[in-house]
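Following: one structure in structure tokens, then a few remarks.
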There are 2 protein chains.
Amino acid sequence: MSLKTYSVLMDTNAVAVAVRGDLDDPDCPTRQVIDRIGDKWSVLVILHLARGELRFTELRESVRGVTPKVLTRTLRALERDGLVSRRVYAEVPPRVEYALTDLGRSLIGPLDVLRAWAEENITAIARSRERYDVA
Amino acid sequence: MSLKTYSVLMDTNAVAVAVRGDLDDPDCPTRQVIDRIGDKWSVLVILHLARGELRFTELRESVRGVTPKVLTRTLRALERDGLVSRRVYAEVPPRVEYALTDLGRSLIGPLDVLRAWAEENITAIARSRERYDVA
DNA sequence: CCGTATCCCCTTAGATACTG
DNA sequence: CAGTATCTAAGGGGATACGG
């Protein structure tokens, strides 16, 4: 098991300086990535595949609520970006295994940072929403 | 200047175990957060405000391409979630200052982790897309 | 200056049915 | 089993104009 550490400068100006400049470019990497994984199912699929290979139907059942059409589109997009691999076995009935690539696995860490932040702060957000909505 | 470190277990199983369980809940924190900052402008606004307070028109000009209606909606949503504060000064002409709250500032780190991943891997993604599209 | 009000488009996604 | 086809609905986002 490997432990990876993300070190982030929290100084506001430092972050700002690091971040500025290309942000207004529509092709800036951050915007592209947010655009891609910001949809409804991509992150969910990635985190489910973090457990290991899954077949189409297994994914459809474990990622609850997704329809086959949308799941297919999500998987194709992830495959196109090189985050997910798709292996078809010439059998009857057909078998298709989906798995994270190395690139896909490298996203788990950053997503987990976001997940940790979300879990730590979701109650604060919820309380803020209540306060806002009554007013 | 403070330095904050994010330590993430990269072992696939460990991450998976940590992540599973509530993911299928539509109200799971991670899904809620992705839903909120996954739109087109929120992350951009947050990172611009990381530099410091900005007025409405300043934001509109620095976040290029956003229309006033959409910017307003984005800011209202961020304010509702407690990530951004809105201060109105009773002056003529009116002055409204937007700034990150403590909660909002605490998001900069995680977003910066994502930004770093994006910049490190965007070329790999682009190459993957080309390979996929010719085939 | 700081927004609202309209109108329109387009994408995303859900429901349902069907096929190699 | 692993998808595709078709239809529809919802809303996010853009353009433009106007108001306190």
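In what follows, chains carry the letters A, B, and so on, assigned in the order in which the sequence lines appear, proteins first and then strands, with residues in each chain numbered from 1. Every value quoted in this text rests on a predicted model; they were computed, and no experiment measured them.
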Subject >> Residue whose closest nucleotide on DNA chain C lies nearer the 5' end, Gly38(A) versus Pro68(A) >> reply: Gly38(A)
Original post:
At under 4.0 Å between heavy atoms, what does Lys69(B) touch on the DNA or RNA strands: base, sugar-phosphate, or nothing?
Top reply: base
**OP:** Send over the distance from Arg86(B) CZ to dC2(C) C1', rounded to a whole Å.
**Re:** 8 Å
**OP:** Could you tell me the separation between the CH2 atom of Trp41(B) and the C1' atom of dG14(D), rounded to a whole number of Å?
**Re:** 10 Å
**OP:** Return the value, rounded to whole Å, for the distance between atom CD of Glu97(B) and atom P of dG3(C).
**Re:** 11 Å
Subject >> Between dG12(D) (P) and Arg36(B) (CZ): distance, integer Å >> reply: 10 Å
Original post:
When all nucleic acid strands are considered with a 4.0 Å heavy-atom cut-off, which category describes Tyr98(B): base, sugar-phosphate, or nothing?
Top reply: sugar-phosphate
Original post:
If you find the nucleotide of DNA chain C closest to Gly65(A) and the one closest to Glu58(B), which residue's nucleotide is nearer the 5' end?
Top reply: Glu58(B)
**OP:** Round to the nearest Å and state the distance from Leu71(A) atom CG to dG14(C) atom P.
**Re:** 11 Å
Original post:
Under 4.0 Å between a Lys/Arg side-chain N and an Asp/Glu carboxylate O for Asp133(A) and Arg80(B)?
Top reply: yes
**OP:** Choose from dC1(C), dG14(D), dG14(C) the nucleotide whose nearest atom is closest to any side-chain atom of Thr67(B).
**Re:** dG14(D)
Subject >> Of Val45(B), Ile46(B), Leu47(B), the residue whose pairing with Leu49(B) passes side-chain contact (heavy atoms from CB on, under 4.5 Å) >> reply: Val45(B)
Subject >> Spacing of Arg73(A) atom CZ relative to dA13(C) atom P, expressed in whole Å >> reply: 5 Å
Original post:
What is the nucleic acid contact for Arg55(B), judged by heavy atoms within less than 4.0 Å: base, sugar-phosphate only, or nothing?
Top reply: sugar-phosphate
Original post:
Considering only dA2(D), dC2(C), dG3(D), which nucleotide approaches the side chain of Val96(B) most closely?
Top reply: dC2(C)
Original post:
Out of dA2(D), dC1(C), dG3(C), which nucleotide sits closest to the side chain of Arg60(A)?
Top reply: dA2(D)
Subject >> Glu97(A) and Arg86(A) ion-paired at < 4.0 Å >> reply: no
